[in-house]
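Reading through the structure tokens given below for one structure.
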Amino acid sequence: MQIRSARFDSGWRLSETHTMKPVRVRFAPSPTGYLHVGGARTALFNWFYARQQGGSFVLRMEDTDAARNTDAARQTIFEGLRWLGLDPDEGPEQGGLFGPYSQSERQPIYAATIAELKASGVLYPCFCPRERLASLRTTQEATRQPFRYDRACRAVSAADAASRIAAGEVPAWRLRVPEGKTVLDDLVRGEITVEHADIEDIILVRGDGTPIYNLAVVIDDHSMGITHVLRGEDHLTNCFKQIIIFKAMGWEVPRYGHLPLILGPAGEGKLSKRKHPEAALEHYQARDYHPEAFINWLALIGWSFDDKTELMTRAELVERFSIGRINKSGARLNIEKLASISGDYIRRMPLAEVLPRVRQHLVKAGLVAEPLSAAAEAQVAAIAAAEHERLKAFGDIVEFSRWVFAAQPTMEEKALKNLKKDAANAAMLRDWAATLADPLPLTADMEAAAREFCTARGIGFGVFVHPVRAALTGRTAGPPLFDCARILGAVRCRERLLRGADLAASEPA
RNA sequence: GGCCCCGUCGUCUAGCCAGGUCUAGGACAUCAGGUUUUCAUCCUGGUAACACGGGUUCAAAUCCCGUCGGGGUCACCA
């Protein structure tokens with residue numbers, strides 16, 4: 001099979017692979033304490049590809065930096081992937097033939113390759129003290145030179161090096177970048193060429209003998225049989241160093257595709273958790289957007305199916321995803337679009353499925369306590385039904401329904417205004433309260449009665465509705481008025497109407 | 001600063017490889033109108049973009065060059 005870039009889909013250009021080997025892709029996050037949206041999208045695209053190609057989706061923890069590696073951080077990633085519905089075929093939790101799946105446990109695997117690299121001279125020892133490296137950098141910055149190691153230790157002879165090591169010096173080991181250039185045929189960006197003169201002799205092995213990221217990935221990707229690497233564009237410059245290592249070891253280089261970065265809302269650099277809460281997946285999990293909507297939205301950042309189709313099921317996304325249609329330019333997050341899509345998905349759900357999701361949020365927020373009485377269950381069901389079409393995310397229910405659970409509703413300014421708008425409002429509220437039967441009639445009957453009530457008083461329905469809504473909910477927006485009334489029940493309606501009457505009659509502050 | 005990547009409505013994008021069918025399509029947002037007791041939903045309609053300059057060509061959003069702008073990366077981090 002021929003090697004070619006698959007930047008464009010043309011039907012007959014079917015191949016994004018260059019071998020007949022089964023596709024093996026990986027998601028290799030670093031447990032930093034949160035799952036970045038960009039990482040989530042990377043995981044998603046890899047998962048799409050694996051599922052579509054009948055390949056394997058491997059999860060690997062890049063936790064060689066022990067300081068940041070905590071169990072909580074790992075759990076955040078596992079839970080994030082679960083929420084997204086991305087099940088790894090192999091990983092720390094599920095194991096597999098190519099384990100272990102955490103770099104911190106793979107040191108023995110690295111040792112052999114490191115020894116081979118040292119023996120072949122691809123790695124050379126660097127005895128430069130950190131202070132020298134630091135001052136070198138400072139000088140280069142000041143003189144506007146490229147910030148690169150000056151390769152001083154390449155001049156140290158093997159014999160010298162051996163004796164210095166014997167004398168107790170502990171060198172770091174650098175990659176001896178060969179002459180020439182490297183051409184990357186990127187799956188999303190096409191051919192990219194970099195001259196080796198522009199590549200630094202980076203440190204690959206620490207003084208303590210452990211490999212640096214750029215070495216560990218190469219060894220892992222090779223030993224795990226990874227065929228395709230889809231990752232963020234921030235790895236593009238690393239890629240050339242990695243390819244050099246692959247070639248030095250005589251290993252087959254996987255196919256690479258570098259995804260465009262997700263930028264801050266103002267287009268200012270990549271999203272960082274410090275500056276943007278929406279950088280972390282937990283942000284979306286907490287509000288609880290519809291997960292299927294979320295992956296739909298995420299898939300649309302940097303990828304598209306055609307010029308029209310946006311709403312797609314998971315199965316459709318798997319079927320339609322193609323690396324060739326991944327964009328090259330960075331994208332900003334459009335959270336409002338997520339809200340729109342999620343609201344769409346939720347509206348299409350049967351109420352019976354919305355109810356438990358919504359219920360769970362009310363419990364979690366402490367608005368209702370488990371176990372719920374039959375009356376409370378009925379009330380929650382009524383709230384869910386009433387707010388269903390307004391939800392952009394399941395967690396929205398909490399703010400939407402606070403007015404129900406408060407002893408008396410908090411009055412919004414506009415609601416208070418509606419209450420005081422007419423001098424006759426206080427009397428109207430009291431009079432209507434007096435007409436209320438317990439239990440309250442069905443909404444249609446209540447409305448009919450209310451309209452008659454208005455006609456009898458010679459007022460328009462609108463004059464009635466706004467103050468009543470204010471008294472009942474303290475808000476100006478919400479479900480149909482009589483639904484609100486029934487959620488509260490006759491007794492609480494009366495209480496609120498009377499209090500509303502008092503507020504309406506009180507002097508403006 | 002070196003190297004690398006990118007540049008279509010406010011935002012996400014289709015179109016670019018194989019130049020004409022593009023008076024540039026869709027979605028979100030926004031504006032106006034309709035439905036509605038509010039909000040939401042739903043329906044209708046509108047505003048809004050090929051970064052700039054050259055070149056190639058009968059013809060350029062599409063190809064080439066340059067400029068400008070944005071981003072990434074340059075740790076004994078990942």
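The analysis underlying the following values was restricted to heavy atoms, covering all of them including side chains, and did not include hydrogens, waters or symmetry mates. Computed from a predicted structure; not experimentally measured. Below, chains carry the letters A, B, ... as their sequence lines are ordered, and counting in each starts from 1.
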Point to revise | B:A27 base / A:N334 side chain donor-acceptor hit below 3.5 Å | key: no
A:L133 has its side chain closest, among B:C76, B:A78, B:A14, to B:C76
Quantified in whole Å, what is the P atom distance between nucleotide B:U8 and nucleotide B:C63? 14 Å
Among B:G71, B:U37, B:G15, the one nearest any side-chain atom of A:L263 is B:G71
**Prompt:** Touch check for A:R348, heavy atoms < 4.0 angstrom, all strands: base, sugar-phosphate only, or nothing?
**Reply:** nothing
Touch class at under 4.0 angstrom, heavy-atom based, for A:R144 against every strand present: sugar-phosphate
Base, sugar-phosphate alone, or nothing: which one does A:T476 contact when heavy atoms must sit under 4.0 Å apart? base
Against the side chain of A:H466, the closest entry in B:C76, B:U38, B:C74 is B:U38
When rounded to whole Å, the CZ to P distance for the pair A:R332 and B:C28 reads 20 Å
Against the side chain of A:T237, the closest entry in B:G71, B:G2, B:U73 is B:U73
Among B:G72, B:C4, B:C6, the one nearest any side-chain atom of A:K270 is B:G72
Just to be sure I understand the rule, does A:N327 reach a base, reach only the sugar-phosphate, or reach nothing, if contact means heavy atoms closer than 4.0 Å? sugar-phosphate
Quiz prompt | A:F394 six-ring centre to A:R287 NZ/CZ under 6.0 Å and within 45° of normal | solution = no
In Watson-Crick or G-U wobble terms, with both distances under 3.5 Å, the base opposite B:U30 is B:G46
- Query: Does any donor atom in the side chain of A:D220 or A:Y110 lie under 3.5 Å from an acceptor atom in the other side chain?
  - Reply: yes
